[in-house]
Each structure stands twice: as structure tokens, then as C-alpha cells.
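Working notes for the structure below.
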Amino acid sequence: ASTRCLAEDTLEKLPAWPYSRIDELLPLAADNALILGAVQEALGDTAAAKASYEEALKVSPSDANATRALARLAAPPAK
């Protein structure tokens with residue numbers, strides 16, 4: 001019953017939390033951080049995406065996908 005209560009409590013908080021801070025609800029492994037970063041990037045929140053990709057590199061320093069994602073964010077926009 002306590003797990004259900006925790007889940008309900010978490011779901012109640014979701015609409016009020018900005019999408020860039022959803023990571024506070026979920027423990028992030030490198031793969032989850034990459035997925036979250038991609039969603040944040042798609043939503044236009046590049047600062048949050050950068051933080052998620054950096055988190056992925058903290059968890060897995062040799063993650064090539066996170067490295068490429070950060071490089072893409074650092075590159076000037078294509079004209």
C-alpha cells in the first residue's frame with residue numbers, strides 16, 4: 001500500500017514540476033540521463049539537456065553518445 005501511495009504522490013507532483021526538473025523524481029543512470037536530455041533538447045530546453053548529458057558522463061565517463069550530444073549543443077547553429 002505504501003508503494004501505491006508513493007506512486008500516487010509522485011504522479012500528483014508531475015504536472016506542477018517543470019519538465020527540466022523531472023530528474024528529481026527519478027534516479028538517473030547514464031541511459032536514463034541520455035533519454036531525458038534528448039527529450040529536454042527536443043522541447044527546446046538546451047540548458048537542462050546539457051545538464052542531463054553531463055550527468056550521463058558523470059555516471060559513465062566514456063559514454064560516446066553523451067559526448068556527441070554535448071558537442072552538438074556546443075556547436076554553433078547551422079545556417
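A distance of 4.5 Å separates CG in Leu73 from CD in Glu41, rounded to the nearest 0.5 Å. The structure places CZ of Arg72 at 5.0 Å from OH of Tyr53, a figure rounded to the nearest 0.5 Å.
Partners of Asp31 under the side-chain hydrogen bond (donor to acceptor under 3.5 Å, both in side chains) rule, at least two apart in sequence or in another chain, do not exist in this structure.
Defined by atom type and a distance below 3.5 Å, a donor-acceptor pair is present between the side-chain atoms of Ser52 and Gln40.
Between Asp63 and Leu57, the shortest heavy-atom distance links the atoms O-CD2, 3.6 Å.
Using a 4.0 Å cut-off between charged nitrogen and carboxylate oxygen, Lys50 and Glu54 count as a salt-bridge pair.
Linking ILVMFWY side-chain heavy atoms closer than 4.5 Å, directly or via other members, places Leu70 and Leu34 in a single hydrophobic cluster.
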